[in-house]
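Okay, structure first, notes after.
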Amino acid sequence: MPSTIIFIVGPTAIGKTALAVKLAKKVNGEIISCDSMQVYKGMKILSQAPGLAEKRSARHHLVGSLDPEKEYNVADFRKKATKIIEAIIRRKKIPIVAGGSGLYVKGLVDGLFPSPKADLKFRKSMETIALKAGSGKLHEKLRKLDPESARLIHPNDRRRIVRALEIYNATGRTMTELKSQTRGLRDSYDIKIYGLIKPREEIYASINSRVEKMFKLGLVREVRSLKRVRLSRTAKEVLGYKEIAGYINGDYDLDTASVILKRRTRRFAKRQLSWFRGDRRIEWIDLGKTSTLAAVRKIAREVK
RNA sequence: GCCGAGAUAGCUCAGUGGUAGAGCGCUGCCCUGAAAAGGCAGGCGUGGCAAGUUCGAUUCUUGCUCUCGGCA
C-alpha cells in the first residue's frame with residue numbers, strides 16, 4: 001500500500017493554513033508549505049505565513065526558512081519538499097502539502113522534466129534581441145528548433161519562449177523531447193488533493209479585510225526593513241512589496257497603496273482559481289457551505 | 001448671481017449627421033527552474049433629461065438638471 005500524501009489547495013485568503021493545522025492535529029500530520037513566498041524570512045506579513053500559534057499546534061516546513069536574498073523556484077521547492085515528505089513518512093506521519101502556488105503543486109505531483117537551471121546571461125541576451133527585433137523574432141527561432149513548443153507558446157509570451165530556447169541552448173535537446181521524461185510523486189504515492197472554494201464575493205471580502213489587517217500588523221514597517229536588504233529577483237515579486245514601496249517612495253498615498261494591493265491580490269486569487277479549476281483530480285470543499293471542522297473530519301475519514 | 005467648460009462603458013477619457021471606441025478595472029482561459037510572475041481572449045453602453053431641425057441625432061439648435069473652474 002503506497003503512503004498517502006494530502007494536498008490542500010485553493011486561492012489566497014480562503015483558510016488553507018487554518019484547515020491544514022486542524023487536519024494535522026487530527027491525523028498526526030506535518031505541514032509542508034507549497035508557497036513561493038512563505039519560505040522567505042522576514043516576510044511574515046507580506047506572505048501571510050503561518051503564525052506562532054499555528055506553528056506550535058503543528059509542525060511546519062518551508063516556512064520562513066530562506067534568506068530573502070536567495071532565489072527560489074519550482075525546482076528548489078520540489079527537491080526540498082520531496083525530501084521532507086520522505087522524512088515525514090519515515091516518521092510514520094502524514095505529509096500535508098498546503099498552499100496556493102499551482103505550478104508548485106503540479107511540479108510536485110506530476111513532476112518536472114529534467115531541465116537546466118536558469119541562465120540569466122542567456123536570458124539577458126535574448127531580451128536584447130527581443131527589444132530590438134520584437135519577441136516574434138524569438139518565436140521564429142523557436143519554431144525552427146522546436147516547432148511543437150512554438151505551437152504551444154504564444155508569440156507574445158516572451159518568458160516562455162526564452163525559457164524554451166534556454167533549455168535547448170543548455171542541453172542541445174528540445175523541451176518537447178525532455179517532456180517525455182517526467183516523473184512525479186503520483187507515480188509512487190497515493191495522492192489526495194482537496195481544493196477549498198467559496199463564493200467569489202466572499203473570497204474578495206476576505207482579501208479586502210486581510211489587506212486591512214496587514215496594514216495594522218505593520219506591513220509598511222516590514223517593507224521598509226526589506227528595502228534595506230538586496231532582495232532576490234524572486235522574493236521581490238511578493239504581492240505588496242512593490243505596492244508599498246511605491247507609497248514609501250512617495251508615488252502615491254497609503255489609501256492608493258491599499259486599493260492597488262487589494263486589486264492585485266484579487267487578480268492573483270482569480271488566476272489561482274483558474275489554475276486549479278481545471279484539475280479533475282481535485283475534490284472540492286465549499287467552505288461557504290461546510291465548516292472547516294466538518295471538512296477536516298471528512299478528509300480524516302477519507303485518508304484513514 | 002454672472003461667465004466659461006463639461007455630462008459617452010464600473011473609472012479616466014477619445015470620436016462621429018447614418019445608433020460608438022481606447023486604457024485601466026472586471027470576466028474567462030493558458031501555464032515546467034521569475035509562478036504572489038508572465039501571456040491570451042472578451043465591449044448593446046436608456047450616449048444626463050426633454051423638445052426642435054433632419055429621411056435619420058450620441059453628433060446640430062433650444063430649454064432644463066447636475067458637475068467643475070473663474071468672477072462677484
Side-chain angles (χ1 to χ4, degrees), chain A residues 9-13 16 33-40 43 45-49 68 70-80 99-120 122-124 126-127 130 135-136 138-139 146 149 151-167 169-171 174-184 200-201 204 207 210-211 214 231-244 256 259-279:
Chain A
V9 305
T12 186
K16 294 185 293 291
S33 164
C34 180
D35 192 290
S36 62
M37 295 300 164
Q38 289 183 2
V39 248
Y40 285 115
M43 300 197 341
I45 299 170
L46 281 164
S47 74
Q48 296 298 321
K70 297 259 170 61
E71 301 213 344
Y72 191 62
N73 59 48
V74 221
D76 294 336
F77 164 74
R78 182 180 179 238
K79 206 183 293 170
K80 290 181 185 178
S101 298
L103 174 64
Y104 287 17
V105 174
K106 186 171 191 274
L108 194 57
V109 174
D110 300 322
L112 296 172
F113 55 79
S115 57
K117 61 181 184 210
D119 179 347
L120 299 187
F122 178 84
R123 286 185 190 181
K124 195 147 200 177
M126 290 299 112
E127 292 292 334
S135 44
L138 295 181
H139 195 254
D146 183 359
S149 293
R151 202 177 57 79
L152 295 171
I153 302 172
H154 192 277
N156 290 350
D157 201 346
R158 200 184 320 164
R159 286 197 185 179
R160 292 206 169 77
I161 299 171
V162 170
R163 175 60 184 161
L165 291 171
E166 177 184 277
I167 289 172
N169 180 257
T171 63
T174 65
M175 216 164 91
T176 307
E177 274 178 80
L178 294 169
K179 271 185 182 173
S180 60
Q181 304 177 29
T182 308
R183 284 187 62 74
R200 187 67 61 96
E201 312 80 68
Y204 285 1
I207 287 172
R210 181 176 249 192
V211 169
M214 285 163 72
L231 282 189
S232 69
R233 194 174 51 119
T234 52
K236 231 184 254 165
E237 298 294 350
V238 68
L239 271 176
Y241 179 73
K242 283 175 191 159
E243 291 75 9
I244 301 304
T256 306
V259 168
I260 297 172
L261 179 53
K262 284 172 186 165
R263 182 196 298 156
R264 295 218 51 218
T265 308
R266 281 197 299 270
R267 286 165 56 100
F268 168 50
K270 212 155 63 69
R271 269 183 285 128
Q272 290 178 300
L273 287 168
S274 161
W275 177 284
F276 292 120
R277 204 153 30 205
D279 194 333

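These numbers were taken from a predicted model, which means no experiment stands behind them. Hydrogens, waters and symmetry mates play no part in the numbers below; they use all other heavy atoms, side chains included. A note on names: the letters A, B, ... follow the listed sequences, proteins ahead of strands, and every chain is numbered from 1.
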Scan Asp110(A), Val9(A), Asp279(A), Val74(A) and name whichever one has a side-chain contact (heavy atoms from CB on, under 4.5 Å) with Val105(A).
Val9(A)
Once you apply the 3.5 Å cut-off to both distances, tell me the Watson-Crick or G-U wobble partner of U61(B), or none.
A51(B)
Scanning all shown strands, the Watson-Crick or wobble mate of U46(B) with both distances under 3.5 Å is none
OP1 or OP2 of C40(B) less than 4.0 angstrom from a side-chain nitrogen or oxygen of Asn156(A), does that happen here?
yes
Take atom CD of Glu166(A) and atom C1' of A34(B), then tell me their distance rounded to the nearest Å.
11 Å
Under-4.0 Å side-chain N/O to phosphate OP1/OP2 contact, Arg123(A) with A34(B):
yes
With nearest nucleotides of RNA chain B determined for Met175(A) and Leu239(A) from heavy-atom distances, which residue corresponds to the more 5′ nucleotide?
Met175(A)
Is Phe77(A) touching bases, backbone alone, or none of the nucleic acid, heavy atoms closer than 4.0 Å?
nothing
What's Thr182(A) touching, base or sugar-phosphate or nothing? Going by heavy atoms closer than 4.0 Å.
base
Scan every strand shown for a Watson-Crick or G-U wobble partner of U12(B), both distances under 3.5 Å, and answer none if you come up empty.
A22(B)
Just the rounded figure in Å: distance from C1' of A36(B) to CD of Gln38(A).
10 Å
Backbone of Thr12(A) reached by a side-chain donor or acceptor of Gln272(A) within 3.5 Å
yes
Counting only Watson-Crick pairs (N1-N3 plus N6-O4 or O6-N4) and G-U wobbles (N1-O2, O6-N3), all under 3.5 Å, who is the partner of G1(B)?
C71(B)
Is it the case that the side chain of His154(A) and the backbone of Arg160(A) share a donor-acceptor pair, with hydrogens and angles ignored and the cut-off at 3.5 Å?
no
Tell which nucleotide pairs with A41(B), taking only Watson-Crick or G-U wobble pairs whose two distances are both under 3.5 angstrom.
U27(B)
Output the rounded distance in Å from OH (Tyr72(A)) to C1' (A34(B)).
14 Å
So, Ser33(A) side chain and Gln38(A) main chain: donor-acceptor pair closer than 3.5 Å or not?
no
Taking atom C1' of A35(B) as reference, at what distance in whole Å does atom OH of Tyr40(A) sit?
12 Å
Donor-acceptor pair, distance only, cut-off 3.5 Å: does the side chain of Lys179(A) make one with the backbone of Thr174(A)?
no
In whole angstroms, the gap separating P of A36(B) from CG of Asn73(A) amounts to 12 Å
Which is true for Thr234(A) with a 4.0 Å heavy-atom rule: it touches a base, it touches only sugar-phosphate, or it touches nothing?
sugar-phosphate
Does Tyr104(A) have a side-chain nitrogen or oxygen under 4.0 Å from the phosphate oxygens OP1 or OP2 of A35(B)?
yes
By the Watson-Crick or G-U definition, both distances under 3.5 Å, G6(B) is matched with C66(B)
What is the distance, rounded to the nearest whole Å, between atom CZ of Arg233(A) and atom C1' of A36(B)?
15 Å
Across every strand shown, the nucleotide meeting Watson-Crick or G-U wobble geometry with G17(B) (both distances under 3.5 Å) is none
Keeping Lys16(A) on the side-chain end and Gly10(A) on the backbone end, is there a donor-acceptor pair under 3.5 Å?
yes
Below 30° counts as parallel, above 60° as perpendicular, anything between as tilted: where do the rings of Phe77(A) and Tyr72(A) land?
perpendicular
Electrostatic pair Glu166(A)-Arg163(A), nearest N-O below 4.0 angstrom:
yes
OP1 or OP2 of A35(B) less than 4.0 angstrom from a side-chain nitrogen or oxygen of Ser36(A), does that happen here?
no
What is the per-nucleotide protein-contact pattern of nucleotides 22-30 of chain B, from the 5' end, where B denotes a base atom under 4.0 Å from a protein heavy atom, S denotes such proximity for sugar-phosphate atoms only, and - denotes neither?
---SSBBBB
Nucleotide opposite G56(B) in a Watson-Crick or G-U pair, distances under 3.5 Å
none
For Leu178(A) and G33(B), give me the distance from atom CG to atom C1', rounded to whole Å.
13 Å
Which nucleotide in G33(B), U32(B), A37(B) has an atom nearest any side-chain atom of Arg163(A):
G33(B)
Using a distance-only criterion (donor-acceptor N/O pair, under 3.5 Å, no hydrogens), is the base of A36(B) paired with the side chain of Asp35(A)?
yes
What's the spacing between Ile161(A) CD1 and Ile153(A) CD1 if we round to 0.5 Å?
6.5 Å
Residue pair Ala75(A)/Arg159(A) against RNA chain B: nearer the 5' end by closest nucleotide is Ala75(A)
Under 4.0 angstrom, heavy atoms only, what part of the nucleic acid is Leu46(A) near: base, sugar-phosphate, or nothing?
base
